[in-house]
Amino acid sequence: MVPPVLRVLVWLVAGQSVVTVGLAVCTAAEVVLARPDSVLAALSIAAITLLLGVGLGLVARGLARCRRAARAPALVAQLLLLPVGWDLARSALGLLGVVVMGYAALTFVLLVLPTVGARLTE
């Protein structure tokens with residue numbers, strides 16, 4: 001049986017995956033609707049963002065299957081989100097930045113809990 005903390009982690013990382021894929025779709029839609037200055041740059045950003053979102057989905061699946069290998073990429077993703085949130089917090093999107101940092105910090109703390117580490121195998 002998957003412990004409740006691990007179940008919450010799966011949902012948190014899966015949520016990050018969904019938001020990231022949505023961001024990739026919005027970036028790709030911008031190419032069609034808004035005609036950015038650099039189509040190649042916008043499509044590249046959309047592709048990289050899509051890969052990141054799919055990767056987070058695979059990490060969430062790994063956590064749901066209690067795979068130890070899913071923990072490291074999940075931790076790295078949270079560490080990468082902290083400076084993103086910081087930059088957002090210092091911009092006009094301050095509240096969004098605080099939410100991003102809080103979400104990443106909560107997910108990071110849950111990932112390093114000993115109870116979570118004990119349940120992850122192989």
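Computation of the quantities below employed the complete heavy-atom set of this structure, encompassing side-chain atoms and omitting hydrogens, waters and symmetry-equivalent molecules. Treat the numbers as computed from the prediction; the structure is a model and nothing was measured.
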Side-chain donor-acceptor distances from residues 101-112 under 3.5 Å, at least two apart:
| residue | atom | partner | partner atom | Å |
| --- | --- | --- | --- | --- |
| Y103 | OH | L12 | O | 2.7 |
| T107 | OG1 | Y103 | O | 2.8 |

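- Of the listed residues (L50, L56, V25, L51), just one forms a side chain to side chain contact (heavy atoms under 4.5 Å, CB included) with T20, and that residue is L56.
- Taking both residues in full, the closest heavy atoms of T27 and A42 are given as CG2-O, 3.5 Å, listed atom of the first, atom of the second, then distance.
- The side-chain heavy atoms of L120 and L6, taken from C-beta on, include a pair separated by under 4.5 Å.
- For S17 (side chain) and V54 (main-chain N/O), no donor-acceptor pair under 3.5 Å exists by modelled atom type.
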Ignoring hydrogens and angles, write down the donor-acceptor pairs under 3.5 Å from the side chains of residues 79-93, residues two or more places apart or on other chains.
| residue | atom | partner | partner atom | Å |
| --- | --- | --- | --- | --- |
| S91 | OG | L88 | O | 2.7 |
| S91 | OG | L93 | N | 3.1 |

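- Taking each heavy atom of G62 and A70 in turn, the nearest pair found is C-CB, 3.8 Å.
- L52 contributes atom CG, which lies 9.0 Å from atom CD of Q16 (distance to the nearest 0.5 angstrom).
- Cluster partners of V39 are V31, L43, counting Ile, Leu, Val, Met, Phe, Trp and Tyr whose side-chain heavy atoms approach within less than 4.5 Å, directly or via other members.
- Heavy atoms only, all atoms of each residue included: A60 and A14 are closest at CB-N, 3.8 Å.
- With rounding to the nearest 0.5 Å, the separation of CG in L9 from CZ in R71 is 9.0 Å.
- Grouping the Ile, Leu, Val, Met, Phe, Trp and Tyr side chains by contacts below 4.5 angstrom, directly or via other members, places L75 with V5.
- Note: the hydrophobic cluster containing V116 also contains V8 (ILVMFWY, side chain heavy atoms under 4.5 Å, direct or indirect links).
- The backbone N or O of A74 lies less than 3.5 Å from a partner atom in the side chain of Q78, making a donor-acceptor pair.
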